[in-house]
Number of protein chains: 2
Amino acid sequence: MLKPILLQVLFDKLDRLVDLGEHDKAALSALPQHHKTIPTGGYIVREGTKPDYCAILLQGYAIRQKLSADGKRQILAIQIAGDPLDAQHMFLDCADHTVQALGEARVAIIPRHALQTVVMSRPALTHAFAVNGQVDASIFREWLLNIGRRDARKRLAHLFCEIAVRLEANGQSTTDGFYLPMSQEELGDATSLTSVHVNRSLRILEDEGFIARNGRTIRFPDKAATMKMAGFDPRYLHLGRQSDAVIAESVQNGESSRGAGDRYGRSDA
Amino acid sequence: MLKPILLQVLFDKLDRLVDLGEHDKAALSALPQHHKTIPTGGYIVREGTKPDYCAILLQGYAIRQKLSADGKRQILAIQIAGDPLDAQHMFLDCADHTVQALGEARVAIIPRHALQTVVMSRPALTHAFAVNGQVDASIFREWLLNIGRRDARKRLAHLFCEIAVRLEANGQSTTDGFYLPMSQEELGDATSLTSVHVNRSLRILEDEGFIARNGRTIRFPDKAATMKMAGFDPRYLHLGRQSDAVIAESVQNGESSRGAGDRYGRSDA
DNA sequence: CGACACATTGAACAGCATCAACCCAGGTGG
DNA sequence: CCACCTGGGTTGATGCTGTTCAATGTGTCG
C-alpha cells in the first residue's frame, strides 16, 4: 500500500490548532504508515495493553470507553475523522481505556516510536500534539459537567451539538444534519442513561423541535435554540488557532473570595 | 522573596513520572517565581481568562470546577501538592474551567512564557509535562466512569481511594488517614450528589466499616476492602515511571469483534 | 451570647431505571 | 419467495436511588 496524502484530514485538524509548516507535514507524511479498515465494533486500542503503533482516524467514527467492575460501560469520548486515537501512548505505558470503531472506520497506523521521534523533534509538531491533547482533556471536563449536572434531555442535545460543531470545524460539512451511527443504547452509554430513557428523551427533543431525526441522521431545525437549551458553549472545544508565543498581559494579584454570592465564576451561558 | 528549592514537591512528582536530570531541575529552579498563600476559596485560575503565569501547588489542595448554565457546580478534579495547576495554558488560549484553593493553599507562581520556553527547550521537561497532562486526562476519564456508572456509595469511596493513593505516591504519607478539607456539599459537587445524600452515604460507608471519619480526616480500617468495594484500580493513575523510549513488541492485526459476549474488554476489577 | 457555616435527620417527591412486551426492517436459509 | 431470526426501536407499568424542602443540632468565632 503506497503512502497517499491521506493524512490530509489530520493535517487539516492540526493546522486549525497551530501553524504547521510544509516541512512538518512532509515529516509526518514520510513516516511509515498503512491504512486499514476496521469493521463495526472492531478494537483499535485495548485497555491494559501498550500498542506499538498509533492510529489516526481517517474516516468514520470511534469511541473511547471504560467498563466498571460490574460491567457497566461508560463511553468517554467520540472521535471523528482527523483525530489521533492513541497519541497518549507516546507518553503513557499502558492504555487505561479502550477504543473501538463506531460503524466501519478507516485508520492510518503509524509505528509509535517513529511517530514519537518525529513529533518530539519538531517543535511545531510537539506543540500541535500537546494542544490536541489539551483539547481532548477539555472535552473530558465538559463531559463531566454534562453527565454530572445536566438532565437527560440536555445531555443528549449537548452531545449532538458537540459533534455537529466538531464536524463543521474540521470542514466535514453538515449543512443538512449529520450521520451518527450510534444505537440508542450507545447514546445511553455516552450519557449515562438507559436506552429506554434515551428513546423517550429523543422523542421529547423531537416533539419540542430541538432535533429532527431520519434514521441515524440528526438535523437541527433551529441550531441556536438547541445550543441555548443544552447550555452548549463551544469555547471548551478551543476551535481557533492556539497562539504559540503569547505576550503576557493579565496580572495576577491576590484575589480572595468566598461567601455566598460570588463563590465561583460563571461557566457556560 | 528568594527562590527556595521549594519546587521540590514538583520535582518529586515529575521525577516519579520520568527520569529528570539535575540540569532540568536547575533550569526549573532558575525560573523567576514567587510563592504565595491563597486563602480558602481563593481563585487561582478563572474560566474565560488567559493567565500570564502558571501556578504550581506547593501545599494544600485545589479543585478544578465548571458551572452549568443553571448554576450547578461540577468539581472536575482535586489537585494535591506538587500538581501543576494550569500547565494547560502553555497550550490553550483561554481557560475553560476555574481553579480554586480548597482550604488554605500555597502556590508557586511562574511567568507562563518563561516556563513554556524552558519546558519546550528541554526534552526531559517537555516529556515530563506531556506525561503529567496525559495522566490528568486519564483521571478525568476515570471520573467520567465514576460519576456515570457507580452508585453514591462507591463514588465517594472511589474518590477517597484516589486521593489517598495519590498522596502516598507523592510521599505525602498518610499511614493514619488523610485530611481532606471538603464540606459535604463540595463532596457532592465532586460526585454529582447532593450534600444530603453525601451525608447519608458517608454514614453508610462508616457503618459498614469502609471508612472512618474524624472531622475531615478520613481513614480506611481495611483499605483493600474499600478499594475492592469501590472498584478502584490504581492503573489509571499511571503511577510508575513512564518509559521514554520503548521497544515495540505487540503487533497490530485486524481484530474484528462484535456480538454479545466479548463486545468490549474489561476495565477495573 | 449570637451569628454563621456546616452536619444531620425526616418526609415527600421525581427522574430515571428496570422489567417486559411488542413492533419493524433487514438478512438468511429452506 | 416466504418463514424465521435478530438487532434495534418503541411503549407501558412499576419501583428505586437520589432530590428537594425543611427543620434541628453542633462547633467556632467575634
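On a predicted model such as this, the values are computed, not experimentally measured, just so you know. The figures that follow rest on heavy atoms only: side chains count, while hydrogens, waters and symmetry mates do not. Chain A is the first sequence line, chain B the second, and so forth, proteins listed ahead of strands; every chain is numbered from 1.
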For this session: Establish, with yes or no, whether the OP1 or OP2 oxygen of dG9(D) is under 4.0 angstrom from a side-chain nitrogen or oxygen of Arg216(A).
Result: yes
Exercise. Roughly, in whole Å, what's the span from CG in Leu202(A) to C1' in dT10(D)?
Worked result: 11 Å
For this session: Let me know the distance between NE2 of His197(A) and P of dC19(C), rounded to the nearest Å.
Result: 17 Å
Problem set entry | Rounded interatomic separation in angstrom, taking CG from Leu205(A) and C1' from dT10(D) | 16 Å
For this session: Look at all strands and tell whether Ser201(A) reaches a base, only sugar-phosphate, or nothing, counting heavy atoms closer than 4.0 Å.
Result: nothing
Seminar exercise, completed: The nucleotide from dT18(C), dC16(C), dG18(D) with an atom nearest the side chain of Thr194(A) is dT18(C)
Exercise. Just how far, in rounded Å, is P of dT9(C) from CD of Glu206(B)?
Worked result: 10 Å
For this session: Determine the contact category for Thr191(B): base if any of its heavy atoms lies under 4.0 Å from a base atom, sugar-phosphate if only primed atoms, P, OP1 or OP2 are that close, otherwise nothing.
Result: nothing
Problem set entry | Separation of dT10(D) C1' from Ile204(A) CD1 (nearest whole Å) | 13 Å
Exercise. Would you call the rings of Tyr236(A) and His158(A) parallel, tilted or perpendicular if under 30° counts as parallel and over 60° as perpendicular?
Worked result: parallel
For this session: Kindly point out which of dG18(D), dC19(C), dA17(C) is positioned nearest to the side chain of Asp151(B)?
Result: dG18(D)
Seminar exercise, completed: Here the distance between atom C1' of dT17(D) and atom CZ of Arg200(B), to the nearest Å, is 12 Å
Exercise. So what does Arg213(B) hit on the nucleic acid, given a heavy-atom distance under 4.0 Å: a base, only sugar-phosphate, or nothing?
Worked result: sugar-phosphate
For this session: Determine whether the side chains of Thr98(B) and Arg46(B) contain a donor N or O and an acceptor N or O closer than 3.5 Å.
Result: no
Problem set entry | Separation of atom CZ in Arg153(A) from atom C1' in dC16(C), rounded to whole Å | 15 Å
Seminar exercise, completed: Closest of dT11(D), dT19(D), dC16(C) to the Asn199(A) side chain is dT11(D)
Exercise. Do the side-chain N and O atoms of Gln74(B) and Ser192(B) include a donor-acceptor pair separated by under 3.5 angstrom?
Worked result: yes
Problem set entry | Side chain of Val196(A) (C-beta onward), nearest among dT8(C), dG18(D), dA20(C) | dA20(C)
For this session: Can you establish whether the number of heavy atoms outside Gln59(B) located under 6.0 Å from its atom CD is more than 12?
Result: no
Exercise. Which one, dG9(D), dT20(D), dA7(C), comes nearest to the side chain of Ser183(B)?
Worked result: dA7(C)
Problem set entry | Gln184(A) CD to dC24(C) C1', straight-line distance once rounded to whole Å | 13 Å
Exercise. So, the side chain of Arg149(A) versus the backbone of Arg73(B): is there a donor-acceptor pair under 3.5 Å, distance only?
Worked result: yes
